[in-house]
There are 2 protein chains.
Amino acid sequence: MDRKPDEATEAAWIGLSRAQRVATASIEARLKAAGLPPLSWYDALWELERAGDAGLRPFELERALLFEQYNLSRLADRLEKAGLVERRAVEADRRGQMIAITPAGRDLRRRMWAVYAPAIQAAVGDRLSAGEAATLAALLKKLV
Amino acid sequence: MDRKPDEATEAAWIGLSRAQRVATASIEARLKAAGLPPLSWYDALWELERAGDAGLRPFELERALLFEQYNLSRLADRLEKAGLVERRAVEADRRGQMIAITPAGRDLRRRMWAVYAPAIQAAVGDRLSAGEAATLAALLKKLV
DNA sequence: TGAAAATAAATGCAGATGCATTGAATGTCA
DNA sequence: TGACATTCAATGCATCTGCATTTATTTTCA
């Protein structure tokens with residue numbers, strides 16, 4: 001490894017940056033226009049909702065979201081302050097905690113999805129055929 | 001428009017976020033490890049180098065980089081303070097200015113590329129065939 | 001012409017992020 | 001066992017970003 005990228009690789013990298021920036025900006029703009037919090041809140045709430053009532057350990061959520069440890073710690077602070085999650089002590093490991101979504105968290109996640117879903121459709125779905133979207137998803141998966 | 005995304009669309013969107021995050025993190029980490037500034041500096045310096053000695057108007061650079069106006073203004077401050085660019089008054093429009101790269105800026109851009117290029121190769125090139133990279137680039141272009 | 005609108009760029013302030021470190025608890029193993 | 005290393009999570013500080021507003025200039029058009 002560690003040579004220079006060829007043209008296609010460079011184009012793919014630049015495209016990745018720009019496409020992500022454009023799509024994210026348009027989706028975030030819709031959320032903001034609807035008076036809703038940013039995507040990172042959605043991602044966290046969704047992981048927690050899928051995790052069920054027991055919740056997740058911060059380090060699990062951190063890995064699921066590809067967040068830095070300190071960023072997750074602070075996101076959890078904000079979510080907790082907003083009443084969307086609660087932190088619970090975990091008896092098996094007194095260093096740790098569980099973060100669990102609250103009913104208010106579930107409700108907000110649902111309301112965010114009502115805006116987020118059409119925003120994804122506008123930013124991605126409307127610009128690709130079904131086959132193209134599937135191909136794109138498969139190729140992007142190889143980068144993770 | 002404005003319905004719900006189908007599965008492939010959603011997978012493409014999630015893949016876009018995650019792939020971009022993973023690739024960017026690994027590339028930024030290499031730059032940092034080499035004691036070099038972040039990607040945004042590279043992008044700006046490269047645009048300015050391509051623009052030639054006359055430089056670019058801030059609003060031109062802003063559009064080329066998909067930067068917010070205030071972010072570009074501050075990035076320019078930092079680049080200027082580091083001696084990598086210079087701001088020049090423009091006689092035709094006294095509201096405006098030209099931002100031009102300096103020799104030190106060119107030199108830094110070159111040194112950054114020496115790290116950036118292999119980082120792109122590792123994060124993208126090594127994970128895709130040439131054909132896949134080309135396909136990915138083409139699909140991502142449709143999103144911008 | 002000259003008042004109102006538009007454009008270029010900077011900035012004050014609040015909030016978010018990155019970095020390094022800390023505090024607390026748990027794990028390891030001679 | 002008990003010293004040392006590791007893991008979990010929080011935090012102080014500096015930097016960066018987002019938002020709204022400001023200053024200066026140019027454009028528009030009645």
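Numbered from 1 within each chain, the chains take letters A, B, ... in sequence-line order. Atoms considered below: every heavy atom in the structure, side chains included; atoms not considered: hydrogens, waters and symmetry mates.
- Rounded to whole Å, the distance from CG on Leu72(A) to C1' on dA16(C) is 14 Å.
- The minimum heavy-atom distance between Ala122(A) and Arg127(A), with the atom names listed, is O-NE, 3.5 Å.
- Screening Arg109(B), Arg110(B), Arg106(B) for a side-chain hydrogen bond (donor to acceptor under 3.5 Å, both in side chains) involving Glu49(B) leaves a single residue, Arg109(B).
- Between Thr24(A) and Glu28(A), the side chains place no donor N or O within less than 3.5 Å of an acceptor N or O (distance only, hydrogens not considered).
- Here Asp93(A) lies in heavy-atom contact (under 4.0 Å) with sugar-phosphate atoms only.
- For Arg94(B), the side-chain atoms get nearest to dT25(D) when compared with the rest of dA10(D), dA9(C), dT25(D).
- Atom CD in Glu62(A) sits about 15 Å away from atom C1' in dT17(C), given to the nearest Å.
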Step-by-step side-chain contact (heavy atoms from CB on, under 4.5 Å) determination, Trp46(B) to Ile101(B): CA-CA 9 Å; Trp46(B) 179 229; Ile101(B) 194 168; over 6 Å; no
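- When rounded to the nearest whole Å, the span between CD of Glu28(A) and P of dG15(C) equals 17 Å.
- Criterion: ILVMFWY side-chain heavy atoms under 4.5 Å apart, direct or through other members. Under it, Leu128(A) and Ile27(A) are part of a common hydrophobic cluster.
- Rounded to a whole Å, the CD atom of Glu91(B) is 15 Å from the P atom of dT25(D).
- A close approach under 4.0 Å does occur between a side-chain nitrogen or oxygen of Asn71(B) and OP1 or OP2 of dG18(D).
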Can you give the donor-acceptor pairs under 3.5 Å from side chains of residues 51-61 of chain B to other protein atoms, not counting sequence neighbours?
{"unit_1": "Arg57(B)", "atom_1": "NE", "unit_2": "Gln97(B)", "atom_2": "O", "d": "3.2"}
{"unit_1": "Glu60(B)", "atom_1": "OE1", "unit_2": "Arg57(B)", "atom_2": "N", "d": "2.8"}

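- Rounded to an integer number of Å, the gap from Phe59(A) CZ to dA24(C) P is 21 Å.
- One finds a side-chain N or O of Arg87(A) lying less than 4.0 angstrom from the OP1 or OP2 phosphate oxygen of dA10(D).
- Using a 4.5 Å heavy-atom cutoff, the side chains of Trp113(B) and Lys4(A) are in contact.
- Here dA25(C) presents its C1' atom at 14 Å from CD of Gln97(A), a figure rounded to the nearest Å.
- Defined by atom type and a distance below 3.5 Å, a donor-acceptor pair is missing between the side-chain atoms of Ser40(B) and Asp43(B).
- The distance from atom CD of Glu80(A) to atom P of dT11(D) is 11 Å, rounded to the nearest whole Å.
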Would you mind writing out the side-chain donor-acceptor pairs for residues 67-85 of chain B within the sub-3.5 Å range, not counting sequence neighbours?
{"unit_1": "Asp77(B)", "atom_1": "OD1", "unit_2": "Arg87(B)", "atom_2": "NH1", "d": "2.8"}
{"unit_1": "Asp77(B)", "atom_1": "OD1", "unit_2": "Arg87(B)", "atom_2": "NH2", "d": "3.0"}
{"unit_1": "Glu80(B)", "atom_1": "OE1", "unit_2": "Arg87(B)", "atom_2": "NH1", "d": "2.8"}

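- In terms of modelled atom types and a separation under 3.5 Å, the side chain of Arg18(B) and the main chain of Leu66(A) share no donor-acceptor contact.
- Near-neighbour residues of DNA chain C inside residues 37-57 of chain A, defined by a heavy atom below 4.0 Å, are absent.
- Smallest separation of non-hydrogen atoms from Arg30(B) and Val115(B): O-CG1, 3.7 Å.
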Return the polar atom pairs (N/O with N/O) between nucleotides 19-23 of chain D and the protein under 3.5 Å, or none.
{"unit_1": "dC19(D)", "atom_1": "OP1", "unit_2": "Lys32(A)", "atom_2": "NZ", "d": "2.0"}
{"unit_1": "dC19(D)", "atom_1": "OP2", "unit_2": "Lys32(A)", "atom_2": "NZ", "d": "3.4"}

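- Atom-to-atom, CG of Leu75(A) to C1' of dG18(C) comes out at 16 Å; the value is rounded to the nearest Å.
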Measure all distances between protein nitrogen or oxygen atoms and nitrogen or oxygen atoms of nucleotides 5-7 of chain C, and list the pairs falling under 3.5 Å.
{"unit_1": "dT7(C)", "atom_1": "O2", "unit_2": "Arg95(B)", "atom_2": "NH1", "d": "2.6"}

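- Each of Phe67(A) and Ala92(A) was matched to the nucleotide of DNA chain C holding its nearest heavy atom; the match closer to the 5' end belongs to Phe67(A).
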Could you list the donor-acceptor pairs under 3.5 angstrom formed by side chains in residues 133-144 of chain A, with sequence neighbours left out?
{"unit_1": "Thr135(A)", "atom_1": "OG1", "unit_2": "Gly131(A)", "atom_2": "O", "d": "2.9"}
{"unit_1": "Lys142(A)", "atom_1": "NZ", "unit_2": "Glu132(B)", "atom_2": "OE1", "d": "3.4"}
{"unit_1": "Lys142(A)", "atom_1": "NZ", "unit_2": "Glu132(B)", "atom_2": "OE2", "d": "2.7"}

